[in-house]
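Everything below concerns the one structure shown next.
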Amino acid sequence: MQDTSFLEKIQNNELYKKSISYHKKYQFMQFTDDEGNYLEGQQIRKEDDNGNILGDTDFDSSKIHVVIYNFKNGLLNDNEDGTPAIQYPGHWENWTNGLLTKVTGKGGTVTEIWQEGIPVEIIND
């Protein structure tokens with residue numbers, strides 16, 4: 001279940017606003033399949049640069065890419081081997097039990113450090 005009070009609080013954080021992660025809104029969300037079972041392991045879908053899913057009315061097919069998600073008990077979570085919870089070309093997000101811990105994006109030129117679901121530093125190389 002999503003903690004809306006926490007999300008409302010961090011949405012006013014300046015680093016949160018500057019974050020390059022469009023998945024940050026998924027913190028505290030637990031995902032299920034069509035039968036209500038928590039998602040486990042790797043899930044793959046096609047999205048555009050704004051996170052719209054193939055088939056959405058706002059989907060921009062000129063900016064399509066494959067996004068790989070990793071789940072544990074329905075929460076975004078890095079794999080045991082260290083594979084990021086979310087990844088697509090030039091972008092990787094590390095998550096632990098549904099909380100963002102690190103974002104590396106724009107081909108590795110931007111790194112965001114997150115603590116307890118809050119961005120604390122953005123480094124531009």
Side-chain angles (χ1 to χ4, degrees):
M1 184 170 192
Q2 191 171 21
D3 182 345
T4 55
S5 62
F6 176 79
L7 290 178
E8 288 171 7
K9 177 182 170 186
I10 66 170
Q11 287 173 351
N12 293 318
N13 177 298
E14 289 303 315
L15 293 178
Y16 184 90
K17 292 176 185 178
K18 292 178 183 177
S19 171
I20 59 174
S21 171
Y22 59 82
H23 298 98
K24 61 191 172 196
K25 63 187 175 192
Y26 295 156
Q27 292 193 105
F28 296 104
M29 291 181 76
Q30 202 162 26
F31 296 85
T32 58
D33 61 18
D34 292 337
E35 287 88 40
N37 301 309
Y38 292 131
L39 290 181
E40 291 290 340
Q42 192 175 85
Q43 305 287 321
I44 300 172
R45 69 183 195 181
K46 294 180 181 176
E47 298 179 359
D48 66 14
D49 287 347
N50 293 313
N52 297 310
I53 304 167
L54 180 66
D56 285 352
T57 55
D58 294 333
F59 184 79
D60 183 351
S61 60
S62 70
K63 298 184 180 195
I64 190 171
H65 54 266
V66 173
V67 179
I68 301 170
Y69 293 88
N70 290 299
F71 293 94
K72 182 177 179 182
N73 297 321
L75 299 169
L76 285 163
N77 199 76
D78 293 354
N79 280 350
E80 290 177 11
D81 67 1
T83 302
I86 299 174
Q87 56 184 317
Y88 56 88
H91 188 96
W92 308 268
E93 296 188 15
N94 297 97
W95 291 65
T96 302
N97 297 321
L99 287 177
L100 250 170
T101 58
K102 182 179 177 184
V103 177
T104 305
K106 297 190 178 184
T109 62
V110 176
T111 302
E112 300 176 5
I113 307 300
W114 290 62
Q115 293 176 353
E116 298 179 13
I118 301 170
V120 295
E121 183 176 15
I122 297 177
I123 304 161
N124 295 292
D125 294 332

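We're numbering straight along the sequence, starting at 1.
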Applying side chain to side chain donor-acceptor pair (under 3.5 Å), name anything that partners [X], two or more places apart in sequence or on another chain.
| X | result |
| --- | --- |
| Ser62 | Asp60 |
| Asn50 | none |
| Asp125 | none |
| Asn97 | none |

* Only pairs at least two apart or in different chains count here, so list each salt bridge (Lys or Arg N to Asp or Glu O under 4.0 Å) that has a residue in residues 38-55. => Arg45-Glu47
Residues in side-chain contact (heavy atoms from CB on, under 4.5 Å) contact with [X], at least two apart in sequence or another chain:
| X | answer |
| --- | --- |
| Leu39 | Phe31, Asp33, Gln43, Phe71 |
| Glu80 | none |
| Thr96 | Asn77, Thr101 |

* According to a 4.5 Å side-chain heavy-atom criterion applied to Ile, Leu, Val, Met, Phe, Trp and Tyr, with indirect links allowed, do Leu76 and Tyr22 form part of one hydrophobic cluster? -> yes
* Asked: Can you get from Leu99 to Ile10 by hopping between Ile, Leu, Val, Met, Phe, Trp and Tyr side chains that sit under 4.5 Å apart?
  -> yes
* Going by the ring-ring contact (aromatic ring centres under 6.0 Å, His included) test, which pairs reach into residues 34-67, not counting sequence neighbours? -> His65-Tyr88
* By salt bridge (charged side-chain N to carboxylate O under 4.0 Å, His left out) - contacts of Glu35 (at least two apart) -> none
* **Summary of side chain to side chain donor-acceptor pair (under 3.5 Å) pairs that have at least one residue in residues 105-120, sequence neighbours excluded** => Ser19-Glu112, Glu112-Trp114
* To do: Please say whether more than 12 non-hydrogen atoms of neighbouring residues, nucleotides or ligands are located less than 6.0 Å from NZ in Lys24.
  => yes
* Structure fact -> Sorted by chain and residue number, the ring pair (Phe, Tyr, Trp, His ring centres under 6.0 Å) partners of His23 (sequence neighbours excluded) come out as Tyr26, Tyr69
